[in-house]
2 protein chains.
Amino acid sequence: MSAPPDLDSVDHDLLGLLQRNSRRTLAQLGEEVGLSAAATKRRVDRLERLGVITGYTVRIDHEKLGWTLEAFTELSVMGHSRMAEIEAAARDLPEVLRIFTTAGDPDALVHLRVRDMAHLRHAVDQLRSSGQVTGTKTLMVLSVWEPPERPTRPAP
Amino acid sequence: MSAPPDLDSVDHDLLGLLQRNSRRTLAQLGEEVGLSAAATKRRVDRLERLGVITGYTVRIDHEKLGWTLEAFTELSVMGHSRMAEIEAAARDLPEVLRIFTTAGDPDALVHLRVRDMAHLRHAVDQLRSSGQVTGTKTLMVLSVWEPPERPTRPAP
DNA sequence: AGTGAAACCAGAAGCCC
DNA sequence: GGGCTTCTGGTTTCACT
């Protein structure tokens, strides 16, 4: 495990700005943090090189696509299962957004997005059909709140 | 609630490509889906106009920034609390990634990212100090698995 | 709905200070 | 860190299928 690279407040501001809108131009970015476009490019290039910025992506409104339901399924698995095996139990479902293996009880938390209740039922059935899984408990998501994106913060 | 806009498979492919890397040029995008750059731009513009694409952002490796620990805290709250009040109980913590209110037990799931165990302890204390919260159970995340980004899928 | 071409110019890339 | 030049690539408009 390597020590975190030392980033100053300008770097953190840039990350916050890019997180809100990665299509700002270098000139715009520079203006907001008080740097020239060239200097800003050097900062951003460095953040990419350090692996702090791992990619550029697009935010998609999945509700608009008809995938309107989210859920979390808590998985309990056989005592001898290794983490990789737990992940394998859920990895192949297209409904899976993320799999979190966890310490304690339950053993994993599977974040799902589905079209409707029938679809959720089907996805949970798939999870339960894995040989590793000994039990599930599903929480249906009623609402999601996300914080406004702010500058990232240093780890002192 | 409005009906999902009708997108064809090219639109879904474009969304998948942009999700993997939103910095592709229109010419590159077009080549991969078999369209000209001009036609590709019309597609992307439409997806933005429809609100399917809600923004462009950057992926950040928070571990590299020293925020190495993730957790989920299940919240139980007073019986009379409304969803908005539940969210309010967690909204002000900078450690909060997302708040999911859920149907059943628990009442909400709070996704946290913290620097270390002492920091987690502090964050959970903050959650517990809300007048609404009657109990918490915290799951520490051991690993996170995310699927490779693929084309989005239609909702038939 | 799509194509290809041409013209324009913003902005990224690269180099020098 | 700034400033300058170069040239890619986004954007618009055209006639056309």
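To find a chain, count down the sequence lines: A is the first, B the second, and so on, and within it residues start at 1. All values derive from a computational prediction rather than experimental measurement.
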Extract from the structure each pairing of a protein N or O with an N or O of nucleotides 1-5 of chain C at less than 3.5 Å, listing the distance.
from: C/dG2; atom 1: OP1; to: B/Arg43; atom 2: NE; distance (Å): 3.0
from: C/dG2; atom 1: OP1; to: B/Arg43; atom 2: NH2; distance (Å): 3.1
from: C/dT3; atom 1: OP1; to: B/Ser36; atom 2: N; distance (Å): 3.1
from: C/dT3; atom 1: OP2; to: B/Ser36; atom 2: N; distance (Å): 3.2
from: C/dT3; atom 1: OP2; to: B/Ser36; atom 2: OG; distance (Å): 2.5

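Across residues 8-26 of chain B, not one residue has a non-hydrogen atom less than 4.0 Å from an atom of DNA chain C.
Taking atom C1' in both C/dC8 and D/dC16, one finds a spacing of 22 Å when rounded to whole Å.
Counting to the nearest Å, the C1' atom of D/dG9 and the CD atom of B/Gln28 are 10 Å from each other. When the C1' atom of D/dG1 is taken as reference, atom CG of A/Asp45 falls 15 Å away, rounded to whole Å.
A single hydrophobic cluster is seen to contain both A/Val10 and B/Leu65, as judged by linkage of ILVMFWY side chains at heavy-atom distances under 4.5 Å, directly or through other members.
Counting non-hydrogen atoms of other residues, nucleotides and ligands closer than 6.0 Å to CG of B/Asp8 gives a total above 12.
A sub-4.0 Å separation between OP1 or OP2 of D/dT11 and a side-chain N or O of B/Lys41 is present.
The backbone N or O of A/Ser36 sits less than 3.5 Å from a side-chain atom of A/Thr40, completing a donor-acceptor pair. A/Thr152 places no side-chain N or O within 3.5 Å of a backbone atom of A/Leu15 that could act as its donor or acceptor partner. Counting only distance, with no hydrogens or angles, the side chain of B/Glu87 and the backbone of B/Ala84 share no donor-acceptor pair below 3.5 Å.
Below 30°, between 30° and 60°, or above 60°: for B/Phe72 and B/His111 the angle between ring planes is below 30°, a parallel geometry.
Salt-bridge annotation for A/Arg24 and A/Glu32: present, with a side-chain N of the basic residue lying under 4.0 Å from a carboxylate O of the acidic one.
Figure legend: cation-pi geometry between A/Arg113 and A/Trp67 absent, as NZ or CZ is not positioned both under 6.0 Å from the six-membered ring centre and within 45° of its axis.
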